[in-house]
Amino acid sequence: MIPTHIEHIGIAVKDLKSAISFYENLFGIKCYAIEEVADQKVRTAFFKIGATKIELLEPMDADSSVAKFIEKKGEGVHHVAFAVQNLADNLAKVEEKNIQLIDKQPRKGAEGLNIAFLHPKSTGGVLMELCENPNQK
Ligand code: CMX
């Protein structure tokens, strides 16, 4: 599996509005999309930095995994997402390497991407996401 690029870096924040202002002020760029991912109980905001995005993640609920993360570790980098092609095939290959999959099958994530997470306990402590753009298969 060779990722084509870092698709995005997910950053957990307590307050989306003030985090958006911080990035807009720091880089002079505009947040181009805000989206609620209901099944993950997060509200997201996106910035483009070249081929990569910054995804701000605000929990919508106290039992959201992002809320648990903030409670335990505080705000900060939550996950790194790698762009890949043929996600389903690559998940099977990752599992053969004895890396624990959180998602055994691709599912829909923000921006209509097909996504799957790998467990941080088997990736050296980094929550990794693999993303496939269904329009670039
Ligand atoms: N990065 C690194 N380690 C993490 C982590 C993260 N983001 N989240 C949890 N962990 C670690 C914890 O610190 C804990 O380690 P210790 O046992 O050493 O304390 C361990 O993983 C278990 O953590 P937990 O708090 O008990 O949390 P859960 O097991 O309930 O869930 C995880 C952890 C990764 C399986 C869960 O957060 C998950 O399924 N994540 C994938 C989905 C997701 O993150 N969705 C939000 C983003 C959605 C989007 O981008 O749109």
Side-chain angles (χ1 to χ4, degrees):
M1 174 179 67
I2 303 176
T4 53
H5 59 285
I6 306 269
E7 213 285 331
H8 65 265
I9 296 173
I11 298 176
V13 303
K14 288 181 185 166
D15 184 83
L16 198 61
K17 205 168 159 227
S18 65
I20 289 171
S21 298
F22 173 80
Y23 281 88
E24 289 188 341
N25 181 42
L26 178 65
F27 294 129
I29 52 175
K30 283 273 165 213
C31 164
Y32 72 88
I34 294 179
E35 183 180 340
E36 286 187 3
V37 185
D39 68 333
Q40 297 295 300
K41 299 177 180 164
V42 289
R43 195 170 290 114
T44 63
F46 286 95
F47 293 89
K48 278 204 178 84
I49 315 261
T52 300
K53 299 164 196 159
I54 297 290
E55 178 188 35
L56 303 178
L57 297 156
E58 177 195 60
M60 292 165 60
D61 204 305
D63 68 351
S64 149
S65 61
V66 174
K68 279 174 73 179
F69 174 87
I70 292 174
E71 198 181 316
K72 217 167 180 175
K73 302 188 192 238
E75 294 180 295
V77 174
H78 177 264
H79 66 267
V80 179
F82 298 89
V84 299
Q85 290 170 328
N86 305 318
L87 178 56
D89 292 350
N90 276 314
L91 280 180
K93 287 184 193 154
V94 168
E95 198 164 29
E96 279 168 18
K97 295 179 198 283
N98 291 321
I99 294 165
Q100 191 186 336
L101 306 181
I102 294 173
D103 302 294
K104 298 233 173 218
Q105 297 294 331
R107 61 182 170 83
K108 281 288 169 202
E111 300 200 299
L113 298 180
N114 299 328
I115 65 157
F117 282 91
L118 313 183
H119 202 288
K121 286 285 172 197
S122 61
T123 59
V126 178
L127 176 59
M128 293 184 180
E129 180 181 352
L130 304 180
C131 303
E132 171 191 58
N133 186 336
N135 302 318
Q136 288 176 2
K137 265 190 175 178

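In this text, all values refer to a predicted model and were calculated from it rather than measured experimentally.
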Cluster overlap [X] with [Y], hydrophobic side-chain contacts below 4.5 Å:
X	Y	result
Val66	Val126	no
Ile6	Met128	yes
Phe82	Leu113	no
Ile70	Val77	no
Leu16	Val37	no

Any salt bridge (Lys or Arg N to Asp or Glu O under 4.0 Å) pairs touching [range], not counting sequence neighbours?
range	result
residues 17-32	Glu24-Lys30
residues 84-104	Glu95-Lys104, Asp103-Arg107
residues 47-65	Glu7-Lys53, Lys41-Asp63, Arg43-Glu58, Lys53-Glu111
residues 74-83	none

Atom pair [atom1] ([X]) and [atom2] ([Y]), whose distance is rounded to the nearest 0.5 Å:
X	Y	atom1	atom2	result
Leu87	Asn133	CG	CG	11.5 Å
Ile29	Ile54	CD1	CD1	8.0 Å
Asn86	Leu130	CG	CG	12.0 Å
His8	Leu57	NE2	CG	7.0 Å
Thr44	Leu56	OG1	CG	8.5 Å

From CA spacing to verdict: side-chain contact (heavy atoms from CB on, under 4.5 Å), Met60, Gln40: CA-CA 9 Å; Met60 292 165 60; Gln40 297 295 300; over 6 Å; no
Between [Y] and [X], is there a side-chain heavy-atom distance shorter than 4.5 Å?
X	Y	value
Thr4	Val84	no
Ile9	Ile49	no
Leu127	His78	yes
Glu132	Asn90	no

Sequence neighbours excluded - ring-ring contact (aromatic ring centres under 6.0 Å, His included) pairs with any residue from residues 9-34: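 Only Tyr23-Phe47 qualify under ring-ring contact (aromatic ring centres under 6.0 Å, His included).
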How close do [X] and [Y] get, counting heavy atoms only, and between which atoms?
X	Y	result
Ala67	Ala62	CB-O, 3.4 Å
Ala51	His5	O-CD2, 3.4 Å
Phe69	Ala12	CD2-CB, 3.7 Å

Under the side chain to side chain donor-acceptor pair (under 3.5 Å) test, which residues partner Lys108, sequence neighbours left out?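 By the side chain to side chain donor-acceptor pair (under 3.5 Å) rule, Lys108 matches Asn114.
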Under a 3.5 Å distance rule, please check whether Ser64 uses its side chain to pair with a backbone N or O of Val42 as donor and acceptor.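 Looks like no, no N/O pair under 3.5 Å.
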Residues, nucleotides or ligands: over 12 heavy atoms within 6.0 Å of Ile2 CD1: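 Open: at most 12 neighbouring heavy atoms sit under 6.0 Å from CD1 of Ile2.
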